[in-house]
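Residue numbers start from 1 in every chain, and the chains themselves are labelled A, B, ... in the order their sequence lines are given, proteins ahead of strands.
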2 protein chains.
Amino acid sequence: MIMQTTVASTRAPTARYPATEHEAGFTDIDIDLLRKYVPVLRHKLSAGQYLYHAGQPFQSLYLINSGFLKTVELADDGRDQVTGFRMRGDFLGAESIGLKTYACGVVSLESGEAWELPYPAMLTACREIPELQARLTAALAQEIRDDHAWMLAIGTLNAEQRVASFLLDVAKRYAQLGYSARHFMLRMRRTDMANFLALKHETVSRVMSRLDDLRLISVERREVHVLDDSGLRAMAGMRA
Amino acid sequence: MIMQTTVASTRAPTARYPATEHEAGFTDIDIDLLRKYVPVLRHKLSAGQYLYHAGQPFQSLYLINSGFLKTVELADDGRDQVTGFRMRGDFLGAESIGLKTYACGVVSLESGEAWELPYPAMLTACREIPELQARLTAALAQEIRDDHAWMLAIGTLNAEQRVASFLLDVAKRYAQLGYSARHFMLRMRRTDMANFLALKHETVSRVMSRLDDLRLISVERREVHVLDDSGLRAMAGMRA
DNA sequence: AACGGTTTGTAACAGTACGTAACCGACCCA
DNA sequence: TGGGTCGGTTACGTACTGTTACAAACCGTT
């Protein structure tokens, strides 16, 4: 086990459970072995801070040790799109491999810690540790699949279904990290959630209230209780 | 140069130009060197034929030599989403690396040829040819960036802008393969285009007609002339 | 050349999500 | 303590896109 145990957020009222056996990232890679080839640099992050900006020279990959971040795609004309949310064990920066500069930006949504892994050293390490290469490739493939799942959701689900799906996904990811899947704190603003779901923040608010009315969840600002898991699943998966 | 020159489609009335220096895929990998490690199997494809189905055992990557294909994400309940269109020089199957079965399906939209590259052999080859590993990783990263660009478009653009962006993207890719960017044949049905753009086919029809009315393009079924490139760009990029 | 199925185009209508705006509560800092 | 900002909620009218329906054009086959 390579992950250093840290408390992800002091504000979060989520219960703490034993970590599950499988986590994303380097779980089954020996971090000490990795350190022989890669100088791991630790970075403390605070809310609102950028881990890296789009356009900045691409130099490193990052592994999130604690905290919660969003990745943001930026267009020339100012349009922006939240392409995902990342938490402990997730990789960052892999999407920019092959480029001179980072293709997107990463913003921390709360305090946390990220480990910087200089890419040239990682390349060397990958040659020495075949398992590392496999993990990195698998992480890239996984990200593609996540993106495709998002496309499927956005392309085929209405607002209610998108929000329900999103909540279930968040719950699942918290559960994988050993937190409660039935009671959690959303770490992002409504605006970020809406942007990610290709909706407006008012729509997200309305839908959340609606899910509350239907007794599927109870919401108070960022605090969410899942009251009817199967009901929520039904709403998320069924056709309009 | 590794690419065998073949005619992509006999139906397409697109003019043929000298190929550009840069193409996606293995362009700068020596195909003969690759063959020392990987048994390359050629597959003829006809319109409507699946290259592979979602759920089928994952065994190989594919490199498109000629033709035009769509990748389709499939949900349990029957919802489906076209996640992309692929042409000569593109990789297929990389999104399923790390899985036992393919995560999506690939359908040929016209006759063509794909080269099957058994994945276990590819792994070996990657260890022997560092450049190959780099190309594969770069292709994966590129796919992520393409997906993110799509997310940005779907999340921030209206129907007109999406269709305009799509046409410009198609034009660019044809140009990269040496075809005309101002006159081309769409290889997919309106339904596929609409699904990819998270719209309905009637909406796509409406918008195409409007772009025609505005003299930005001239359309007749699948045949498209770009009449006002900068006008089309303005429409694609500007905010609603 | 005629046939049936598929694909595309057009139109009227309806609905979901949007845009605007006002309000409220939490938080920060003077 | 009070103003200011930020984030979230709710109401109401609007409009873009989806829905439904139908017709025309196209394709492959007989």
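Atom P of nucleotide dC26(D) and atom CD of E220(B) are separated by 7 Å, given to the nearest angstrom. Separating the CG atom of D212(B) from the C1' atom of dG9(C) is a distance of 12 Å, rounded to the nearest angstrom. Taking atom CD1 of residue I154(B) and atom P of nucleotide dT17(D), one finds them 11 Å apart after rounding to whole Å. A straight line from NE2 of H201(B) to P of dA21(D) spans 13 Å, rounded to a whole angstrom.
Nearest nucleotide to the R189(B) side chain, out of dG18(D), dT8(C), dG8(D): dT8(C). Closest contact between the side chain of K200(B) and the listed nucleotides dG8(D), dT19(D), dT10(C) involves dT19(D). Distance from the side chain of T203(B) is smallest for dG18(D) among the nucleotides dT7(C), dG25(C), dG18(D). Checking dT9(D), dT8(C), dT17(D) against every side-chain atom of A159(B), the shortest atom distance belongs to dT17(D). Checking dA25(D), dG25(C), dT17(D) against the side-chain heavy atoms of R221(B) singles out dA25(D) as nearest. Of all nucleotides listed (dT7(C), dG7(D), dT19(D)), dT19(D) comes nearest to the side chain of E202(B).
Looking at R206(B), its side chain comes within 3.5 Å of the base of dG18(D) through a donor and an acceptor atom.
Taking the six-membered ring where the residue is Trp, the centroids of Y179(B) and F184(B) are separated by 6.0 Å or more.
For T191(B) and dT7(C), the shortest distance from a side-chain N or O to OP1 or OP2 is not below 4.0 Å. The phosphate of dT9(D) has OP1 or OP2 within less than 4.0 Å of a side-chain N or O from R190(A).
Screening R182(B), H183(B), R187(B) for a side chain to side chain donor-acceptor pair (under 3.5 Å) with Y174(B), the sole residue that qualifies is R187(B).
Here the closest heavy-atom approach between residue S96(B) and residue T101(B) is recorded as CB-O, 4.2 Å.
Surrounding CZ of R145(B) are more than 12 heavy atoms belonging to other residues, nucleotides or ligands, all under 6.0 Å away.
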